[in-house]
S.K.: 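Okay, handing you the structure first.
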Amino acid sequence: MLDFVKIKTDLETSFNTDDSKDIDIDINVNVLSESNGKFSISVHSKKCIVTNENLDKADITVGFVNTDVMIDMFTKGADPMKLVMGGQMTFAGDISKGKSLKGLFIGEK
């Protein structure tokens, strides 16, 4: 079962406000191996909001085979192309907006 409170805390804690200055995005996240694996991340006005459900409308939707891959992508800077090509991640939506996320949740650069 997905530990949503931990994921929300980790993402909001590691969020880099300075790097989010011009970012305006809504992301639906699906962790396929978890029964409760749907949540969303919204970045607007230098703020990060994580909710425990998918949004009706999102700029991008990403799917991950498991929680570890999702954490690696958001907080450790894993290469999204390698994850997609390796079958560990799916991506749908505005790819240019997706690129703007690089480094947003990495505490140490």
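Start at 1 with the first residue, then count along the sequence. The model shown is predicted, which means the values in this text are computed figures rather than measured ones. Excluded from the calculations below are hydrogen atoms, water molecules and symmetry mates; all remaining heavy atoms, backbone and side chain alike, are included.
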S.K.: With rounding to the nearest 0.5 angstrom, report the CG to CD distance, Asn66 to Glu34.
M.R.: 8.0 Å
S.K.: With distance as the sole test, does Asn36 use its side chain to make a donor-acceptor pair with the main-chain N or O of Met1 at under 3.5 Å?
M.R.: no
S.K.: For the hydrophobic clusters of this structure (ILVMFWY residues joined by side-chain heavy atoms under 4.5 Å, transitively), does one cluster hold both Val65 and Leu83?
M.R.: yes
S.K.: Dump the intermediate steps for side chain to side chain contact (heavy atoms under 4.5 Å, CB included) on Met70 and Ile7, then the final yes or no.
M.R.: CA-CA 10 Å; Met70 185 263 307; Ile7 289 170; 3.5 Å; yes
S.K.: Could you list the residues that satisfy salt bridge (charged side-chain N to carboxylate O under 4.0 Å, His left out) with Asp26, not counting sequence neighbours?
M.R.: none
S.K.: What pair of heavy atoms forms the shortest contact from Met81 to Asp79, and how long is it?
M.R.: N-OD1, 3.0 Å
S.K.: Shared ILVMFWY cluster between Leu55 and Ile25, side chains joined below 4.5 angstrom?
M.R.: no
S.K.: Taking the side chain as everything from C-beta on, heavy atoms only, tell me whether Ile71 gets closer than 4.5 Å to Phe64.
M.R.: no
S.K.: Atom CG of Asn28 and atom CG of Asn30: how far apart are they, to the nearest 0.5 Å?
M.R.: 6.5 Å
S.K.: Are Ile27 and Ile95 connected into the same hydrophobic cluster when the rule is that any two of I, L, V, M, F, W, Y join if their side-chain heavy atoms are below 4.5 Å apart?
M.R.: yes
S.K.: May I ask you to check whether over 12 heavy atoms, not counting those of Lys76, lie within 6.0 Å of atom NZ?
M.R.: no
S.K.: As an exercise, state the distance from CG of Asp94 to OG1 of Thr61, rounded to the nearest 0.5 Å.
M.R.: 11.5 Å
S.K.: What class does the angle between the rings of Phe15 and Phe105 fall in, given that below 30° is parallel, 30 to 60° is tilted and above 60° is perpendicular?
M.R.: tilted
S.K.: Which pair of heavy atoms, one from Asp24 and one from Asp59, lies closest together, and at what distance?
M.R.: O-OD2, 4.1 Å
S.K.: For the pair Lys38 (side chain) and Asn54 (backbone), establish whether a donor and an acceptor sit closer than 3.5 Å, ignoring hydrogens and angles.
M.R.: no
S.K.: Give the minimum heavy-atom separation between Thr75 and Ser14, together with the two atoms involved.
M.R.: CG2-OG, 4.0 Å
S.K.: Would the distance check show the side chain of Ser20 and the main-chain N or O of Thr17 forming a donor-acceptor pair, the cut-off being under 3.5 Å?
M.R.: yes
S.K.: What heavy-atom pair brings Leu11 and Phe39 nearest, and what distance separates the two atoms?
M.R.: CD1-CE1, 4.1 Å
S.K.: Please say yes or no: joined through hydrophobic side-chain contacts below 4.5 Å, possibly via intermediate residues, are Ile23 and Phe91 part of one cluster?
M.R.: yes
S.K.: Measure the NZ-CG distance between Lys8 and Asn52 for me, rounded to the nearest 0.5 Å.
M.R.: 8.5 Å
S.K.: As an exercise, state the distance from NZ of Lys46 to CG of Asn16, rounded to the nearest 0.5 Å.
M.R.: 11.5 Å
S.K.: Do Val62 and Met73 have side chains that approach each other closer than 4.5 Å (heavy atoms only, starting at C-beta)?
M.R.: no
S.K.: Between Phe74 and Val29, is any pair of side-chain heavy atoms under 4.5 Å apart?
M.R.: yes
